[in-house]
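Keep in mind the model is a prediction, meaning the values are calculated, not measured.
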Amino acid sequence: MRIASKSQAICYICRHSSPLGLEYFDSTAQSPALKNSFLVALHGSSKKRLQRGYRVVRVTAHAQPQDFITGFLQNGVIYGRPCDILNMGDDSFLLTDDYSGVIYFVHRKDHAPDASRQQ
């Protein structure tokens, strides 16, 4: 398959950020922060001195990525490396982190998670 020379990217992500996973939140998302956008897990460069990646960004068409979740790299110390995102509905999602070996359940503060999912 050949990519047409006139194809345009919907956004540009800094090299060495390592975008490993993404999830789309459509118009049914209640939160304006998620509606009609992608969340992209930036795993991060193996060269932590570059300080690229180590975050989750929000991407909308033809706009610069915006930080959504940060703090995985602070003052040269790695606390996590985001890998993938799975939309769980109700403006919540799972976020995998292969550095810490955990899966985070992320939801709005004002929206209690559905207890049936926590079994």
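For the salt bridge (charged side-chain N to carboxylate O under 4.0 Å, His left out) test, no residue two or more places apart in sequence or in another chain qualifies with Asp98. Under the side chain to side chain contact (heavy atoms under 4.5 Å, CB included) criterion, Pro65 pairs with Cys11, Ile13, Val57, Val59, sequence neighbours left out. Residues passing the side chain to side chain donor-acceptor pair (under 3.5 Å) test with Ser100, sequence neighbours excluded: Asp97. Every residue was checked against the side chain to side chain donor-acceptor pair (under 3.5 Å) condition with Ser31, not counting sequence neighbours, and none meets it. Here Ile103 pairs with Leu94, Thr96 under the side chain to side chain contact (heavy atoms under 4.5 Å, CB included) rule; sequence neighbours left out. Checked against side chain to side chain donor-acceptor pair (under 3.5 Å), Asp67 has the following partners two or more places apart in sequence or in another chain: Arg55. Checked against side chain to side chain donor-acceptor pair (under 3.5 Å), Gln66 has the following partners two or more places apart in sequence or in another chain: Arg58.
Taking CZ of Phe68 as the start and CG of Leu95 as the end, the distance is 10.5 Å to the nearest 0.5 Å. Atom CD1 of Ile69 and atom OH of Tyr104 lie 9.5 Å apart (nearest 0.5 Å). Rounding to the nearest 0.5 angstrom, the gap separating the CG atom in Leu22 from the CG atom in Leu42 is 10.0 Å. Considering CG of Asp84 and CG of Leu20, their distance stands at 8.0 Å, rounded to 0.5 Å.
Using a 4.5 Å cut-off between side-chain heavy atoms of Ile, Leu, Val, Met, Phe, Trp and Tyr, Leu50 forms no hydrophobic cluster with any other residue. In the hydrophobic clustering, Tyr79 connects to Val77, either directly or through intervening members, whenever side-chain heavy atoms lie under 4.5 Å apart.
Note on Val102 and Leu39: same hydrophobic cluster, where clusters join Ile, Leu, Val, Met, Phe, Trp and Tyr whose side-chain heavy atoms are under 4.5 Å apart, directly or indirectly.
Under the 3.5 Å distance criterion, the side-chain polar atoms of Asp26 are matched with a main-chain donor or acceptor of Thr28. With hydrogens and angles disregarded, a donor-acceptor distance shorter than 3.5 Å links the side chain of Asn36 to the backbone of Ser27.
Side-chain contact check for Tyr99 versus Phe72: every heavy-atom pair is 4.5 Å or farther apart.
Every pair passing ring pair (Phe, Tyr, Trp, His ring centres under 6.0 Å) that includes a residue from residues 31-61 is listed here, sequence neighbours excluded: Tyr24-Phe38.
Gly44 and Ser18 get closest at one heavy-atom pair: O-OG, 3.6 Å. Taking every heavy atom of both residues into account, Ser92 and His107 meet most closely at CB-CB, 3.9 Å. Across all non-hydrogen atoms, the minimal contact from Ser37 to Ala33 is OG-O, 3.9 Å. The shortest heavy-atom contact between Arg108 and Asp91 is NH1-OD2, 2.8 Å. The minimum heavy-atom distance between Pro82 and Val56, with the atom names listed, is CB-CG2, 4.2 Å.
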